[in-house]
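For reference, the structure is listed below as structure tokens.
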Amino acid sequence: MSEALFKSFAIVGAGPHIGIPIVKVSISPILVIARPTSTNTSALPADDPNLKVVRADYTSASEVSAILRENKVDVLISTVTLVFGGVLVQNILADAAKEAGVKLFVPSEFGTAPPASGLSHEKYDFAVYTKSIGLPTLHVYNGLFNEFVPWLTALTETGKLHLVGKGEMPGSFTAIPDVAGYLAHILTTQPPSRLLDVEVRIEGQRATLLEIIALYKGSVPVVHCDAVPTEGVVAVEVRTLLQQRFEIGGASCGWNPETGSDDAELARKDNLLWEGHRWLTVGEVLGL
Ligand SMILES: NC(=O)c1ccc[n+]([C@@H]2O[C@H](COP(=O)([O-])OP(=O)(O)OC[C@H]3O[C@@H](n4cnc5c(N)ncnc54)[C@H](OP(=O)(O)O)[C@@H]3O)[C@@H](O)[C@H]2O)c1
């Protein structure tokens with residue numbers, strides 16, 4: 001295997017949460033492949049000579065493949081949505097990548113190791129699929145984005161922190177700029193042998209939900225509940241299931257869904273690939 005560093009990068013599903021931050025951290029040159037209907041492209045930096053935007057139908061392997069081949073893409077990053085069904089079209093994107101000779105596919109993960117059934121099992125199924133077609137992958141596990149605490153607890157919509165369960169089990173939290181910066185750093189500094197068919201586990205901060213709630217110092221009401229409230233809140237089931245995952249330790253990057261066990265050292269084992277980096281805390285990101 002050649003150990004020459006990867007040179008050419010593309011991204012599919014560049015949305016506001018993690019995709020666009022990855023584009024902005026200057027992995028360059030980078031090609032953004034957006035769907036014909038995407039309006040997210042308007043949030044991309046204008047006049048960046050290292051950024052090119054093309055449009056393609058994600059459900060057409062031949063269309064995506066032709067673009068990847070034409071642009072000699074080494075690494076295809078996917079940040080397609082899980083909640084709205086994007087992960088399900090990744091098989092087509094994988095077929096396109098394989099056909100075009102892409103060397104590494106970074107699937108839309110950015111959480112914790114997915115289980116074979118239940119919430120985010122589509123990510124597990126995709127890992128099985130890429131293995132079956134022999135497409136090398138790099139899975140990034142970072143826990144919950146620090147920025148998503150108000151979303152997880154429905155604080156954003158209700159003005160109250162909703163805690164499902166006791167909130168006593170530690171989970172992993174990593175800020176979006178740290179996840180994006182980390183991915184850019186390792187893709188541009190690590191040799192292919194360190195990245196191919198690898199799971200990287202990073203953790204900016206390890207904390208329980210009770211510890212995170214304590215950061216608010218009583219400034220907002222806390223509601224103990226069995227489920228995130230439905231009124232005026234979208235994707236409540238996902239939020240409730242995620243908090244239930246916290247309850248069993250499954251929100252830690254050291255979580256092993258097969259054994260049901262957590263390993264605090266494993267949770268941050270790949271932080272060291274970004275030597276000297278200072279990781280943002282939840283308090284810093286949320287201004288608490
Ligand atoms: N750890 C965390 O706290 C956390 C939080 C949020 C998300 N995540 C993870 O990050 C990844 C990206 O999620 P996100 O929230 O950033 O996604 P998002 O912003 O909702 O969507 C990302 C992109 O998905 C594409 N897309 C939307 N619907 C699609 C469909 N039906 N088929 C194919 N593509 C579709 C769109 O691409 P176009 O622009 O081309 O239309 C969109 O820009 C997911 O794996 C998610 O689980 C993690």
Side-chain angles (χ1 to χ4, degrees), residues 10-24 31-44 53-61 63-64 67 76-94 96 105-115 118-127 137-153 156 171-180 182-183 200-205 207 209 212 234-235 238-239 241-243 245-246 250-253 255 267 280 282 285-286:
I11 187 165
V12 278
H17 302 140
I18 183 65
I20 290 174
I22 289 172
V23 173
K24 286 184 174 170
L31 172 73
V32 175
I33 306 173
R35 295 185 300 170
T37 50
S38 176
T39 51
N40 289 314
T41 48
S42 62
L44 291 167
V53 180
V54 292
R55 290 186 182 266
D57 176 0
Y58 293 175
T59 62
S60 166
E63 202 176 317
V64 176
I67 291 169
L76 178 60
I77 303 163
S78 169
T79 56
V80 291
T81 174
L82 170 69
V83 178
F84 302 107
V87 170
L88 293 172
V89 307
Q90 279 191 137
N91 285 16
I92 295 166
L93 298 170
F105 190 103
V106 181
S108 190
E109 288 278 1
F110 309 107
T112 53
L119 181 64
S120 69
H121 73 89
E122 300 89 339
K123 295 180 176 181
Y124 177 95
D125 296 342
F126 183 66
T137 52
L138 168 74
H139 296 252
V140 178
Y141 301 140
N142 50 251
L144 188 77
F145 296 149
N146 296 3
E147 294 81 351
F148 269 61
V149 167
W151 172 86
L152 180 72
T153 55
T156 314
S172 304
F173 297 82
T174 311
I176 290 171
D178 283 346
V179 176
Y182 180 86
L183 182 60
V200 289
R201 295 163 193 271
I202 55 173
E203 183 180 77
Q205 182 178 355
L209 282 179
I212 297 297
V234 296
V238 174
R239 303 186 208 199
L241 288 170
L242 262 175
Q243 289 208 41
R245 194 163 281 173
F246 263 93
S252 163
C253 291
W255 177 251
L280 290 165
V282 175
V285 168
L286 298 181

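Whatever order the structure lists them in is the order used to number ligands and atoms, beginning at 1.
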Okay, side chain of [X], backbone of [Y]: is any donor-acceptor separation there less than 3.5 Å?
X: R245; Y: L119; value: yes
X: S120; Y: K123; value: no
X: Q90; Y: S108; value: yes
X: Y58; Y: G86; value: no

| said: Can you list everything that forms a ring-ring contact (aromatic ring centres under 6.0 Å, His included) with F145? Sequence neighbours excluded, please. | reply: F148
| Residues in the immediate environment of ligand 1 (any heavy atom closer than 4.0 angstrom) | G13, A14, G15, P16, H17, I18, A34, R35, S38, N40, Y58, T79, V80, T81, L82, F84, G86, V89, S108, E109, F110, K123, N142, G143, L144, F145, F148
| message | Can you see whether S172 engages R201 through a side-chain donor-acceptor pair at a distance of less than 3.5 angstrom? | response | no
